[in-house]
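Order of the sequence lines sets the chain letters (A, B, ...), proteins ahead of strands, with each chain counted from 1.
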Number of protein chains: 2
Amino acid sequence: MSGQDRGLDTDERIYRTIFDGIMQQRLTPGTKLPEIALCELFSVSRSVVRRVLQRLAHDHVVDLRPNRGATIATPSAQETREIFEARRAIEAAIVRLATRNATADDFLALRRQLEDEHEAMHRFEQPAWARLASAFHLRIAKLARNPILEAYLKEIASRCSLIVALYEPWGNASCEHAEHEEIVACMEAGDAEGAARLMEAHLQALENNISLRPSDPQKTLKQRLGL
Amino acid sequence: MSGQDRGLDTDERIYRTIFDGIMQQRLTPGTKLPEIALCELFSVSRSVVRRVLQRLAHDHVVDLRPNRGATIATPSAQETREIFEARRAIEAAIVRLATRNATADDFLALRRQLEDEHEAMHRFEQPAWARLASAFHLRIAKLARNPILEAYLKEIASRCSLIVALYEPWGNASCEHAEHEEIVACMEAGDAEGAARLMEAHLQALENNISLRPSDPQKTLKQRLGL
DNA sequence: ATATGCCAGATTGTTTACAATCCAGCGTGC
DNA sequence: GCACGCTGGATTGTAAACAATCTGGCATAT
């Protein structure tokens with residue numbers, strides 16, 4: 001037992017490691033993921049590596065082309081537009097449902113998280129802030145009480161993060177905290193349509209903030225996986 | 001060459017055969033899909049069968065449980081509710097986009113398809129009608145010009161079909177033709193919100209039409225795959 | 001000098017063999 | 001008679017061997 005067995009099964013462990021590596025910008029778009037290298041890093045055979053890669057491919061965070069292996073996905077400008085448009089549509093719908101279904105307790109927890117976010121922002125803790133800001137969106141998705149839409153948002157939000165990683169290497173493009181507060185206020189007031197419109201505007205602002213320009217490479221795969 | 005090679009690669013052929021088998025209610029929910037049986041039926045090794053099964057699992061049309069193989073998915077009543085809710089949300093968003101982006105030619109093609117549908121209905125050609133009615137929804141998704149939302153609708157619509165297969169063995173629950181026409185009329189008039197509301201009502205009617213009661217089993221796997 | 005063709009190493013795709021797990025049927029003991 | 005546990009066949013999970021394909025460098029010809 002080599003100390004990395006924490007109750008997650010093997011597949012999940014490998015998936016998460018690679019996925020997190022992408023989300024934290026250690027694995028940048030275009031990076032190649034050779035099967036044998038992953039086999040050695042995770043001490044498994046190619047069957048399981050291939051299965052995980054296929055799953056990552058289905059989630060659109062890696063490209064899987066026949067006979068030439070897996071690479072971290074590199075969304076084009078066109079795709080970027082489509083992804084953000086789809087996200088606005090889905091997340092607006094989610095906000096409407098969440099406004100209908102959230103309880104008083106839900107709003108309490110939501111406000112508490114907003115304060116954490118606020119604090120992290122004022123302390124200039126960029127990584128923590130980004131993480132919390134992203135969690136805000138996923139938390140609202142939970143309040144909608146629809147696991148299917150929640151899964152769709154998770155998938156599409158990860159693709160957005162990939163895009164931000166591609167086009168904003170230093171991580172400037174984060175959520176505006178004030179806008180989060182306005183959205184929650186609208187929701188608490190029971191104004192579903194208003195909250196949906198605010199959310200769409202919020203995501204539109206996020207999209208407008210990313211400027212289309214790639215980033216830089218080079219480091220060992222092991223380092224970039226955080227191992 | 002045994003006459004089933006039509007330019008599709010092997011994976012796609014197997015995927016389609018199983019998927020179509022499910023959509024046409026030859027493979028009913030709960031049916032087990034043993035790997036070896038599929039290997040022999042399609043003359044491939046277990047690797048490719050396993051890959052295809054994983055893809056079907058990701059699309060939520062089959063359940064894949066560790067150490068106990070693949071079975072056709074059997075959505076619960078709860079899931080049914082969630083799936084239809086998600087579909088209303090996504091398809092309403094799609095209709096709004098489609099109303100904005102459709103050209104005059106698009107509407108022409110749409111109307112032509114509506115006539116085919118109308119005709120098939122009046123001739124009591126239930127299978128053709130059901131196929132056309134389903135195609136109507138996918139065609140609108142194309143008009144939205146967003147491949148991501150289109151893919152989501154495809155996935156969720158197939159889950160709806162599975163539910164209908166589960167709870168309406170004789171296939172009564174189909175789309176009302178008149179409602180399709182109203183939706184198109186609204187779209188042509190440029191009334192995105194109206195069209196969205198009509199679409200939601202249309203899908204709600206579809207959901208209300210399905211009564212929750214399972215169906216019957218037994219026949220060989222080969223027959224049920226149409227081979 | 002550039003372009004073309006070819007060969008060797010590397011990488012992926014497929015098949016097969018082996019190990020682990022599950023499940024149904026049977027027997028034993030209470 | 002019923003519950004429990006065992007055992008053998010069947011089925012899935014994993015790993016390793018083999019085949020096919022791609023990539024990059026070198027030689028050759030124009």
side-chain hydrogen bond (donor to acceptor under 3.5 Å, both in side chains) involving B/D11 - partner list, sequence neighbours excluded: B/R51
Closest-nucleotide 5' rank along DNA chain D - winner of A/R68 and A/R46: A/R46
Whole-Å gap separating P (C/dT14) and CZ (B/F42): 16 Å
Residue list, side chain to side chain contact (heavy atoms under 4.5 Å, CB included) with A/S47, at least two apart or on another chain: A/S45
All side chain to side chain contact (heavy atoms under 4.5 Å, CB included) counterparts of B/R139, not counting sequence neighbours: B/A109, B/L110, B/Q113
Residues that A/A157 engages under side chain to side chain contact (heavy atoms under 4.5 Å, CB included), provided they are two or more places apart: A/R87
Contact list for DNA chain C against residues 56-67 of chain B - heavy-atom distance below 4.0 Å: B/N67
Counterpart residues, ring-ring contact (aromatic ring centres under 6.0 Å, His included), relative to A/Y15 (two or more places apart): A/F19
First and last nucleotide of DNA chain D, 5' to 3', lying under 4.0 Å from heavy atoms of chain A: D/dT14 to D/dT23
Pairing residues for B/E150 by the side chain to side chain contact (heavy atoms under 4.5 Å, CB included) criterion, not counting sequence neighbours: B/A141, B/K142, B/K154
A/H180 and A/H137 aromatic ring geometry - parallel, tilted or perpendicular at 30°/60° bounds: perpendicular
Residues which pass ring-ring contact (aromatic ring centres under 6.0 Å, His included) with B/H60, listed by chain and number, not counting sequence neighbours: none
